[in-house]
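Values below: all heavy atoms of this structure, side chains included; hydrogens, waters and symmetry mates excluded.
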Amino acid sequence: MINFAVIGTNFITDRFLEAASTVPEFCLKAVYSRTMERARDYAGRHGAELTFDSLDDLAACPEVDAVYVASPNCCHAAQSIQMMKAGKHVLVEKPAASNLREFCQMKETALENGVILLEAMRSVFSPGFEAVRENLRELGTIRRVSFQFCQYSSRYDKFKNGIIENAFRPELSNSALMDIGVYCVHPLADLFGMPERIQSSSLKLSNGFEGAGTILVEYDGMQGELIYSKITDSRVPSQIQGENGVMLIDKIHEPQEVTIFFRDGREKKLDIPKISNNMVYETEEFIRLIHAGTAEHKRLENSETEMKIMDEVRGQQGIRFPADN
């Protein structure tokens with residue numbers, strides 16, 4: 001069994017625990033919150049034995065093997081580094097850090113201490129994304145990629161009424177790029193690596209928050225576009241176009257229906273198991289890496305490329321966080 005602690009007691013932690021509880025080697029041991037009252041309440045609801053309102057005490061606890069970090073984006077790096085220095089493995093919510101510099105510090109800490117650091121980019125661990133990866137060669141030479149994820153935020157109505165919640169606060173390292181666009185950026189990095197050229201455009205809200213954006217990328221012989229938004233919805237699927245055919249992906253953030261349409265008229269619907277909560281796969285991969293003892297792994301490279309792309313876009317669009325100073 002791997003004894004986990006969670007940092008963060010929000011809805012994403014609820015979803016993580018719902019999924020992780022189905023993994024045989026997962027055990028929720030401890031809960032951290034800024035207040036002991038909230039930590040105890042959350043622990044009681046989820047069956048955790050230990051509670052903390054001190055990160056120092058959590059880091060020093062010998063009964064905790066691994067930590068799931070689901071705090072605000074601006075806290076990911078410092079909290080992850082503290083836990084890894086204490087010898088604990090870290091599964092950190094996306095985006096893993098505020099910027100590339102922070103992520104490189106996190107990666108260095110993981111390697112120095114021989115622990116696993118993994119970004120909880122749930123989509124790329126799923127069978128749907130694995131099917132996309134394995135069938136790319138069927139498309140022949142890839143010429144265009146179009147990934148999009150546009151989801152009207154449940155908190156946007158409050159924003160329009162003058163109530164600005166954390167999800168719309170740039171000072172917490174939040175933006176549409178970091179919260180939504182990352183679901184397009186990371187799969188691009190995973191499948192194709194770092195683009196040769198990047199162009200971008202953003203829509204800013206009244207407080208300077210980036211509400212939506214578009215990224216154009218170029219590789220040798222291939223173009224791509226990433227479209228993301230927290231202030232509109234989209235029902236358009238993502239796609240990868242090759243010279244032999246086109247692959248349609250229902251949802252790049254949760255690929256469950258993927259079909260290849262070949263130029264000769266054939267269709268191939270990929271066989272993908274359906275699951276209501278795909279966070280189970282990131283948990284399984286994290287535990288697999290822990291058992292393998294592989295501190296330096298391919299997933300780190302993908303997260304680093306993701307950060308490079310997002311740093312470039314933020315630089316172009318003037319999206320700055322306190323962590324950049």
Side-chain angles (χ1 to χ4, degrees), residues 2-21 26-99 102-103 105-106 109-110 113 115 117-120 122 153-155 158-159 163-175 178-179 182 207 209 230 279 282-283 286 321-325:
I2 305 296
N3 289 330
F4 276 73
V6 295
I7 294 177
T9 53
N10 50 37
F11 75 95
I12 195 66
T13 311
D14 291 340
R15 279 187 55 81
F16 170 72
L17 292 176
E18 174 193 334
S21 65
F26 175 89
C27 175
L28 177 62
K29 190 73 172 179
V31 171
Y32 164 84
S33 183
R34 286 175 295 176
T35 68
M36 185 57 75
E37 180 183 6
R38 182 160 179 78
R40 287 173 176 160
D41 175 69
Y42 198 83
R45 286 189 281 121
H46 292 279
E49 177 184 338
L50 304 174
T51 55
F52 297 91
D53 60 1
S54 162
L55 288 170
D56 291 340
D57 291 346
L58 172 58
C61 178
E63 296 180 69
V64 172
D65 306 310
V67 181
Y68 171 70
V69 178
S71 50
N73 297 343
C74 60
C75 301
H76 287 181
Q79 292 176 346
S80 297
I81 288 171
Q82 182 176 3
M83 295 302 126
M84 289 188 290
K85 284 184 175 179
K88 304 191 188 310
H89 307 287
V90 168
L91 177 64
V92 59
E93 258 307 324
K94 59 80 199 166
S98 298
N99 52 43
E102 281 192 347
F103 181 77
Q105 291 172 347
M106 294 164 69
T109 303
N113 290 274
V115 294
L117 169 65
L118 185 67
E119 182 178 20
R122 56 191 174 90
S153 171
S154 60
R155 299 172 179 86
K158 288 186 177 180
F159 181 94
I163 302 170
I164 303 177
E165 296 190 341
N166 286 350
F168 283 87
R169 293 187 180 276
E171 59 267 31
L172 299 180
S173 299
N174 289 332
S175 69
M178 303 291 278
D179 300 341
V182 67
N207 68 335
F209 183 89
K230 290 187 72 168
M279 296 177 83
E282 67 189 39
T283 310
F286 183 55
F321 305 136
D324 298 323
N325 297 328

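The side-chain hydrogen bond (donor to acceptor under 3.5 Å, both in side chains) search around Ser33 returns none, not counting sequence neighbours. In terms of the side chain to side chain contact (heavy atoms under 4.5 Å, CB included) criterion, residue partners of Gln79 (sequence neighbours excluded) are, by chain and number, Ile7, Leu55, Val69, Ser71, Cys75. With sequence neighbours excluded, the residues forming a side chain to side chain contact (heavy atoms under 4.5 Å, CB included) with Arg155 are Phe11, Ser153, Glu165, Ala167, Phe168, listed by chain and number. Applying the side chain to side chain contact (heavy atoms under 4.5 Å, CB included) rule to Asn325 yields the partners Arg320; only residues at least two apart in sequence or on another chain are considered. Applying the side-chain hydrogen bond (donor to acceptor under 3.5 Å, both in side chains) criterion to Asn174, with sequence neighbours excluded, gives Asn73. With sequence neighbours excluded, the residues that form a salt bridge (charged side-chain N to carboxylate O under 4.0 Å, His left out) with Glu171 are Arg169. The ring-ring contact (aromatic ring centres under 6.0 Å, His included) search around Phe286 returns Phe4, not counting sequence neighbours. Annotation: side-chain hydrogen bond (donor to acceptor under 3.5 Å, both in side chains) contacts of Thr283 (sequence neighbours excluded): none. The side-chain hydrogen bond (donor to acceptor under 3.5 Å, both in side chains) test applied to Arg40 returns no partner, not counting sequence neighbours. Every side chain to side chain contact (heavy atoms under 4.5 Å, CB included) that Ser54 has, sequence neighbours left out, goes to Asp56, Asp57.
Checked by atom type and distance alone, the side chain of His76 never pairs as donor or acceptor with a backbone atom of Val92 at under 3.5 Å.
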Exercise answer: donor-acceptor pairs, residues 44-53 side-chain atoms, under 3.5 Å, sequence neighbours excluded:
from	atom 1	to	atom 2	distance (Å)
Arg45	NE	Asp41	OD2	3.2
Arg45	NH2	Asp41	OD2	3.3
His46	NE2	Asp14	OD1	3.4
Glu49	OE1	Lys29	NZ	2.8

Side-chain donor-acceptor distances from residues 61-68 under 3.5 Å, at least two apart:
from	atom 1	to	atom 2	distance (Å)
Asp65	OD2	Asn3	N	2.8
Tyr68	OH	Glu93	OE2	2.7

Carefully, step by step, assess Lys230 and Phe209 under the rule side chain to side chain contact (heavy atoms under 4.5 Å, CB included). CA-CA 10 Å; Lys230 290 187 72 168; Phe209 183 89; 4.0 Å; yes

